[in-house]
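I have placed the structure first, in the form of structure tokens, so that the comments after it can refer back to it.
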Amino acid sequence: MHGTDWRVWFALEEERKEPGRERDHQTTTMDLHILDHRLRVTSISKNGLENYTHPLIKLIFLRNRTRCKFFSLTETPENYTVVLDEEGFKELQASEDLQVEGSVWLPLNVVSNGNASSSSQAVGVTKIARSVIAPLAQQHVSVFMLSTYQTDFILVKEKDLSVVIGTLEEEFDIFREVGGESVPVHSPCEPNGFQKNGKEALQPTVHPVLIPLNQFCVMSLDPDTLPAIATTLIDVLFYSNSPKEGASSAPSPPELDRVKFFSFSLIDGYISLVMDTEAQRQFPADLLFTSSSGELWRMVRIGGQPLGFDECGIVAQISQPLAESDISAYYISTFSFDHALVPEEDIVSVTAVLQQQRKEPAAS
């Protein structure tokens with residue numbers, strides 16, 4: 001069994017949970033859900049983390065003390081990216097250490113309704129590269145990706161939602177979740193090419209990529225066992241840059257071939273963790289679980305300098321070549337850079353594909 005076939009199972013399980021969904025499986029295979037969250041994308045500076053430990057610990061460990069339902073924290077060498085809903089955002093006090101992207105973002109989720117992924121093993125962002133990522137890039141809609149153990153979230157700006165619906169409704173049945181119910185949505189019939197975003201299509205910048213040597217794991221955890229790993233998780237999240245007791249006081253040289261990356265998401269009761277094997281060894285092996293194959297992943301880090309939130313096509317320039325090669329990928333955007341995780345067994349092929357892409361002249 002392919003290592004990420006659980007994602008198809010998860011989508012089917014979610015489908016079964018929804019009442020009253022009698023669908024013609026012969027005419028459509030995928031639904032697009034606009035989830036009932038309004039999100040903010042923020043960044044906490046490394047030096048300012050100590051000012052936010054109280055609210056972050058509350059959001060991670062004390063679910064009964066917050067109404068936040070969508071929370072994701074990702075550490076990179078530059079900063080901590082925190083994506084969270086409006087209830088969670090209230091917990092973060094304004095300061096010079098907190099950067100807030102100005103838009104409200106809405107998470108989209110592609111859900112299988114019975115026939116999905118039967119023709120291809122590759123899943124994750126690769127599965128939606130042609131049907132979601134590429135069409136939105138063509139309409140100059142910027143996206144912010146967040147792949148988790150359970151599923152993939154495509155974040156779009158709230159102001160772009162009508163364009164998103166108009167662009168994707170031919171490919172998908174689109175539903176908006178409202179108060180726990182899935183309500184069908186359609187674009188209004190408007191003249192003058194409703195599906196167009198009104199912006200000139202620009203040739204996207206082909207960004208440089210870095211492929212560090214870290215091996216990564218994508219894992220999950222039963223929320224009820226979260227207290228059992230609390231001290232380890234706090235150590236990794238908040239003290240990873242502090243010298244351990246007994247360690248040499250002399251600073252160790254930076255490893256240019258490895259990248260610090262740790263991601264924790266708690267979304268609608270599901271926990272997802274992305275960490276390298278060095279961090280994984282600090283956790284009890286019997287509590288974290290992954291796919292049956294337990295495969296390892298390598299990272300493709302996109303961007304030579306911080307990426308802009310208005311730029312379009314960044315995800316597409318990575319996901320489309322992987323889709324053409326039938327290679328699975330997780331994709332995690334952060335405040336400064338983007339990150340794709342691909343199976344370790346495919347890293348040579350991925351490197352060759354992306355290097356060739358960067359040698360080819362831009363299409364006119």
Side-chain angles (χ1 to χ4, degrees), residues 1-11 74 76 110 112 116-134 137 143 145-154 206-220 257-263 272-280 288-304 313-334 337-360:
M1 186 176 88
H2 189 261
T4 47
D5 280 352
W6 51 264
R7 294 159 74 90
V8 178
W9 171 87
F10 176 83
T74 302
T76 62
V110 174
S112 164
S117 299
S118 60
S119 62
S120 173
Q121 286 187 316
V123 294
V125 70
T126 306
K127 186 172 69 173
I128 57 176
R130 295 186 182 95
S131 58
V132 178
I133 303 301
V143 301
M145 283 297 306
L146 178 59
S147 293
T148 68
Y149 181 94
Q150 292 80 15
T151 190
D152 301 281
F153 298 100
I154 311 109
V206 177
H207 292 281
V209 298
L210 171 69
I211 302 178
L213 296 180
N214 312 51
Q215 297 172 312
F216 289 88
C217 309
V218 182
M219 314 189 80
S220 189
D257 53 358
R258 295 181 180 269
V259 168
K260 177 68 178 178
F261 188 91
F262 187 97
S263 185
S272 177
L273 297 132
V274 179
M275 66 187 81
D276 66 13
T277 51
E278 182 178 348
Q280 181 200 15
L288 298 179
F289 52 89
T290 186
S291 60
S292 59
S293 66
E295 67 185 323
L296 297 175
W297 301 77
R298 291 285 298 278
M299 174 184 289
V300 178
R301 178 174 153 102
I302 302 103
I314 300 174
V315 181
Q317 72 175 242
I318 302 296
S319 62
Q320 285 185 282
L322 297 184
E324 291 168 2
S325 301
D326 200 32
I327 297 173
S328 297
Y330 294 90
Y331 198 104
I332 299 177
S333 302
T334 62
F337 298 98
D338 281 8
H339 310 79
L341 294 172
V342 300
E344 184 177 42
E345 64 192 39
D346 294 321
I347 191 61
V348 174
S349 300
V350 170
T351 301
V353 167
L354 296 180
Q355 286 179 343
Q356 182 61 32
Q357 182 189 51
R358 276 142 189 79
K359 292 177 182 177
E360 294 174 353

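Counting only heavy atoms from C-beta outward, the side chains of Ile314 and His207 approach each other to under 4.5 Å. Ile302 places none of its side-chain heavy atoms less than 4.5 Å from the side chain of Phe337. Residues Thr290 and Cys217 are not in side-chain contact: their nearest non-hydrogen atoms beyond the backbone lie 4.5 Å or more apart. Residues Thr76 and Val259 form no side-chain contact, since every pair of their non-hydrogen atoms from C-beta on lies 4.5 Å or further apart.
With rounding to the nearest 0.5 Å, the separation of CD1 in Ile154 from CG in Leu146 is 10.5 Å. Interatomic distance, Leu322 CG to Ser328 OG, rounded to the nearest 0.5 Å: 9.5 Å. Within the model, atoms NZ of Lys127 and CG of Asp152 stand 7.5 Å from one another, a figure rounded to the nearest 0.5 Å. To the nearest 0.5 Å, the span separating CG on Leu273 from CZ on Phe262 amounts to 5.0 Å.
Smallest separation of non-hydrogen atoms from Val125 and Ser319: CG2-CB, 4.1 Å. Heavy-atom minimum distance, Gly313 versus Ala137: CA-CB, 3.8 Å. Nearest heavy atoms, Ala340 versus Ile318: CB-CG2, 4.1 Å. Across Gln280 and Met219, no two heavy atoms sit closer than the pair NE2-CE, 3.6 Å.
Every residue meeting the side-chain contact (heavy atoms from CB on, under 4.5 Å) condition with Glu344, not counting sequence neighbours, appears here in chain and number order: Gln215, Leu296, Arg298. Listed by chain and residue number, Thr148, Tyr149, Gln150, Ser265 satisfy the side-chain contact (heavy atoms from CB on, under 4.5 Å) test with Ser272 (two or more places apart in sequence, or in another chain). For Asp346, the side-chain contact (heavy atoms from CB on, under 4.5 Å) partners are Ile327, Pro343, Val350, not counting sequence neighbours.
With Gln320 contributing its side chain and Ala129 its backbone, the two residues share no donor-acceptor pair below 3.5 Å. Between the side chain of Asp276 and the main chain of Glu278, a donor-acceptor pair closer than 3.5 Å is present. Counting only distance, with no hydrogens or angles, the side chain of Ser325 and the backbone of Pro321 share a donor-acceptor pair below 3.5 Å.
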| said: Could you go through Ile332 and Met145, starting from their C-alpha distance and side-chain angles, then the distance that decides it, and tell me whether this counts as side-chain contact (heavy atoms from CB on, under 4.5 Å)? | reply: CA-CA 5 Å; Ile332 299 177; Met145 283 297 306; over 6 Å; no
| task | Using the side-chain contact (heavy atoms from CB on, under 4.5 Å) rule, take Val218 and Tyr330 through it: C-alpha gap first, then chi angles, then the decisive distance, then the call. | result | CA-CA 9 Å; Val218 182; Tyr330 294 90; 3.6 Å; yes
| request: Go through Ile347 and Val342 one step at a time and tell me if the side-chain contact (heavy atoms from CB on, under 4.5 Å) criterion holds. | output: CA-CA 7 Å; Ile347 191 61; Val342 300; 3.9 Å; yes
| task | Could you please spell out the steps behind the side-chain contact (heavy atoms from CB on, under 4.5 Å) verdict for Trp297 and Val274? | result | CA-CA 10 Å; Trp297 301 77; Val274 179; over 6 Å; no
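Ring geometry, His339 versus Phe261: the interplanar angle falls from 30° to 60°, so the pair is classed tilted.
Side-chain polar atoms of Tyr331 and Asp338 form a donor-acceptor pair below 3.5 angstrom.
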